[in-house]
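What you see is a predicted model, and the numbers here were worked out from it, not measured in a lab.
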Amino acid sequence: MQPIKWLIVLSGTLFSGKVFSQDQELTPVIIIMADQLRADVTGGPLTPHINSLREDGVSFNRAYCAAPLCAPSRASFFTGRYPNATGGFINPWSKEDEQHGQVRSGTSNLYQLLEDQWDSYHIGKQHFFTVDNIDKNPESKTRWITQEDYTRWMKAQNRRKPGGKKFKADAPEIVSGSYTRLRSYSTPRFERYEEGPAYFLDHYLANECIAAIRNRDKNKPLMLSAMFLAPHPPFDIPEPYFSMVRPGDFTLPENVGQWDAGQSPLQLYQLTGFIGSRYSRDDWQEIWAKYLGLVKLLDDEVGRIIQTLKEEGLYDKALIVFTSDHGEMLGSHSLWQKMCMYEESVKVPLLLKLPANRPAIRKESDVPVSLVDVLPTLLDFNGLPGAESMDGRSLLPLLQGEKTENRPLFIQYDGNGSLSSAQRCIVDGPYKLIIDSFKDEFFVELYDVVRDPQERSNLILDKQHTARARDLFKQLTGYMKHSNDRITFPENLIGF
């Protein structure tokens with residue numbers, strides 16, 4: 001039996017790479033976050049600007065979110081803590097459970113840690129929900145430009161915002177873990193957005209980012225969080241992006257439109273399977289074309305920001321982070337949206353471009369890392385304290401080519417708009433253990449995601465992997481107990 005390794009995650013300072021002096025010049029920080037961007041759709045001809053960041057920086061090829069859902073993932077990203085530490089588990093759409101979608105009061109975060117010394121902006125999707133209403137706090141030194149500003153601007157322009165009821169459908173959702181009701185959520189339906197790209201949300205957000213870069217306080221380093229919506233649905237897409245990608249231009253992954261024998265049937269109780277399983281592989285071919293059009297739209301807006309940074313002399317000076325809050329199933333395993341533990345949902349692109357005068361030794365890394373590691377890295381790079389109590393660890397040793405001790409990563413899901421059925425996951429080296437639950441039912445999956453990246457073969461069905469599954473289960477439940485997880489699993493769940 002291998003020793004339990006989850007304690008490593010809870011001590012970020014054990015791995016902190018203090019390679020720069022405390023009196024160093026503070027670095028401009030640019031964070032560009034997409035929404036619902038699959039890691040496997042970047043790197044090709046549709047994403048030349050994102051590709052340029054990869055060429056100039058470091059690519060983490062096995063980066064994972066802490067929760068495959070917008071609000072809890074962003075809560076973990078901005079605090080460096082897992083959901084059990086932040087208290088933000090869900091999107092707070094239901095009054096009964098909304099307290100479980102907000103970060104606990106007093107939890108340190110990126111804005112509070114940086115806004116005193118940086119000229120700080122948050123521009124875009126605002127799903128960093130806190131008990132203290134961080135974006136409404138008059139004492140905040142960060143400037144918040146969000147979807148609400150876009151809505152007001154569109155109203156003044158007398159233009160229709162993308163989306164609407166026809167892009168949604170009802171799906172069952174458990175509330176407070178006790179009863180089920182219908183709630184309306186996005187579907188893969190697509191149409192042409194007649195207002196054009198100039199009135200699309202992501203173009204508006206890029207315009208605001210460009211204005212912030214140009215009009216920044218030049219007496220301070222810039223801290224810009226550019227939070228895009230693309231390629232998140234609704235797929236109400238302007239030309240030329242609506243028609244830019246055709247179904248014959250790409251090859252679908254083999255697991256799209258397929259339900260494998262070893263995957264959890266409990267997904268059918270979630271909107272992932274409830275909506276996703278009604279579409280055929282041919283349907284997904286058409287849907288993918290529209291999604292990829294949105295990926296190209298996103299890349300073009302990222303390119304506008306990169307160009308402005310270069311024009312302002314900031315590109316070579318800045319530490320730039322590009323990532324997504326989570327992925328998108330897009331028909332893989334016959335599932336839709338995220339809210340599950342498969343690679344397409346929890347694996348995210350993560351690129352770090354360092355300042356030109358502090359280059360990284362590595363160009364890429366296959367070591368599993370988490371989005372909770374980003375904030376400790378930003379603090380460490382600038383020689384600042386604050387990461388000591390975080391679950392994440394600085395990635396600077398990896399960037400500098402140092403060998404770091406292996407540690408497991410944890411991912412959890414507690415419901416979409418309310419507390420419902422739960423999933424827990426541990427990633428350790430090439431292996432991933434998933435526990436899916438619904439009411440009193442449990443389904444266990446084990447994958448070698450290096451050899452089987454599309455997770456077609458559930459190794460839990462092979463007795464030669466039982467010992468490994470038990471070890472991972474012991475680490476996972478040990479972490480859950482230590483972090484005061486709201487749920488527990490039967491001790492004999494894996495053949496004890």
Side-chain angles (χ1 to χ4, degrees), residues 6 9-10 33-39 62-94 97-104 107 109-110 125-130 173-174 177 185 227 232 264 267 270-272 323-329 335-350 368-375 390-392 408-427 432-437 445 476 479-480 483-487:
W6 51 265
V9 183
L10 303 178
M33 179 177 283
D35 195 327
Q36 217 147 305
L37 178 66
R38 285 175 62 121
R62 294 190 62 200
Y64 292 90
C65 63
L69 191 67
C70 295
S73 177
R74 291 162 191 263
S76 290
F77 177 85
F78 286 121
T79 65
R81 294 170 169 86
Y82 282 126
N84 282 345
T86 69
F89 307 124
I90 61 173
N91 289 335
W93 307 152
S94 298
D97 294 333
E98 66 179 357
Q99 70 271 25
H100 300 292
Q102 299 172 336
V103 175
R104 296 184 181 105
T107 305
N109 60 71
L110 177 142
K125 182 170 181 175
Q126 166 41 9
H127 272 196
F128 179 41
F129 301 118
T130 68
E173 182 172 83
I174 297 176
Y185 285 110
M227 304 283 107
H232 191 291
S264 172
Q267 286 292 334
Q270 305 279 355
L271 78 83
T272 48
T323 189
S324 180
D325 55 352
H326 48 72
E328 160 63 66
M329 293 307 296
L335 301 178
W336 164 241
Q337 288 218 28
K338 53 274 184 182
M339 297 167 274
C340 63
M341 299 299 171
Y342 298 122
E343 291 286 276
E344 297 85 359
S345 172
V346 297
K347 189 177 177 182
V348 295
L350 178 60
V369 300
S370 172
L371 289 186
V372 299
D373 298 327
V374 174
L375 180 54
M390 295 179 184
D391 295 322
L409 307 177
F410 301 100
I411 312 170
Q412 69 184 78
Y413 175 75
D414 292 84
N416 187 355
S418 58
L419 289 177
S420 62
S421 53
Q423 301 167 44
R424 296 292 183 267
C425 175
I426 178 173
V427 176
K432 178 199 286 183
L433 181 74
I434 304 168
I435 312 293
D436 194 3
S437 68
E445 296 173 75
L476 175 60
Y479 162 75
M480 292 169 64
S483 60
N484 298 312
D485 203 303
R486 69 181 188 87
I487 68 168

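Here the closest non-hydrogen pair linking A63 and L350 is CB-CB, 3.6 Å. Residues D325 and S73 approach most closely at O-OG, 2.5 Å, considering heavy atoms. The two residues L409 and Y82 have their closest heavy-atom pair at CA-OH, 3.7 Å. Shortest non-hydrogen contact noted between D414 and R486 is OD2-NE, 2.6 Å. The two residues Q412 and P68 come nearest to each other via the heavy atoms O-CD, 3.4 Å. Contact detail for L375 and F78: the closest heavy-atom pair is CD2-O, 3.3 Å.
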* Output, in order, the C-alpha distance, side-chain angles, deciding distance and verdict of side chain to side chain contact (heavy atoms under 4.5 Å, CB included) for I411 and Y64. => CA-CA 8 Å; I411 312 170; Y64 292 90; 4.1 Å; yes
* Asked: Is there a side chain to side chain contact (heavy atoms under 4.5 Å, CB included) between H326 and S345 once you walk through the steps?
  -> CA-CA 6 Å; H326 48 72; S345 172; 5.6 Å; no
* **Trace of the side chain to side chain contact (heavy atoms under 4.5 Å, CB included) decision for F89 with L69** => CA-CA 9 Å; F89 307 124; L69 191 67; over 6 Å; no
* To do: Please lay out, stage by stage, how L335 and E344 fare under the test side chain to side chain contact (heavy atoms under 4.5 Å, CB included).
  => CA-CA 10 Å; L335 301 178; E344 297 85 359; over 6 Å; no
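Counting heavy atoms from C-beta outward, I90 and D97 have side chains that approach closer than 4.5 Å. In this structure the side chain of F77 reaches within 4.5 angstrom of the side chain of M33, judged on heavy atoms. Looking only at side-chain heavy atoms (C-beta outward), Q270 and C340 stay at 4.5 Å or farther from each other. Side-chain contact check for E328 versus W336: some heavy-atom pair is nearer than 4.5 Å.
A donor-acceptor contact shorter than 3.5 Å is absent between the side chain of T86 and the backbone of S76. Here the side chain of R81 pairs no donor or acceptor atom with the backbone of V372 at under 3.5 angstrom. Judged purely by atom type and a 3.5 angstrom limit, T107 uses its side chain to pair as donor or acceptor with the backbone of R104. In this structure, the side chain of T323 engages the main chain of P349 through a donor-acceptor pair within 3.5 Å. Side-chain N or O atoms of S94 include one that pairs as donor or acceptor with a backbone N or O of G417 at under 3.5 Å. Between the side chain of Q36 and the main chain of G327, no donor-acceptor pair closer than 3.5 Å is present. Not one N or O on the side chain of N84 forms a donor-acceptor pair closer than 3.5 Å with the backbone of N484. Of the possible donor and acceptor atoms, one in the side chain of S418 sits under 3.5 Å from a partner among the backbone N and O of I174.
A salt bridge between D35 and K338 is absent, with no side-chain N of the basic residue lying under 4.0 Å from a carboxylate O of the acidic one.
Side chains of S264 and E445: a donor-acceptor N/O pair is absent below 3.5 angstrom, by distance only. When only modelled atom types and interatomic distance are considered, E173 and Y185 share a side-chain donor-acceptor pair under 3.5 Å.
Here the CE-OH distance, from M339 to Y413, works out to 5.5 Å after rounding to the nearest 0.5 Å. Between atom CD of residue E343 and atom CZ of residue R62 there is a gap of 6.5 Å, rounded to the nearest 0.5 Å. Taking OH of Y342 as the reference point, atom OG1 of T272 lies at 9.0 Å (rounded to 0.5 Å). Atom CE of M341 is separated from atom CG of L433 by 11.0 Å, given to the nearest 0.5 angstrom. If you take CG on N91 and NE2 on H100, they are separated by 14.0 Å, rounding to the nearest 0.5 Å. The structure places CZ of F129 at 8.5 Å from CD of Q102, a figure rounded to the nearest 0.5 Å.
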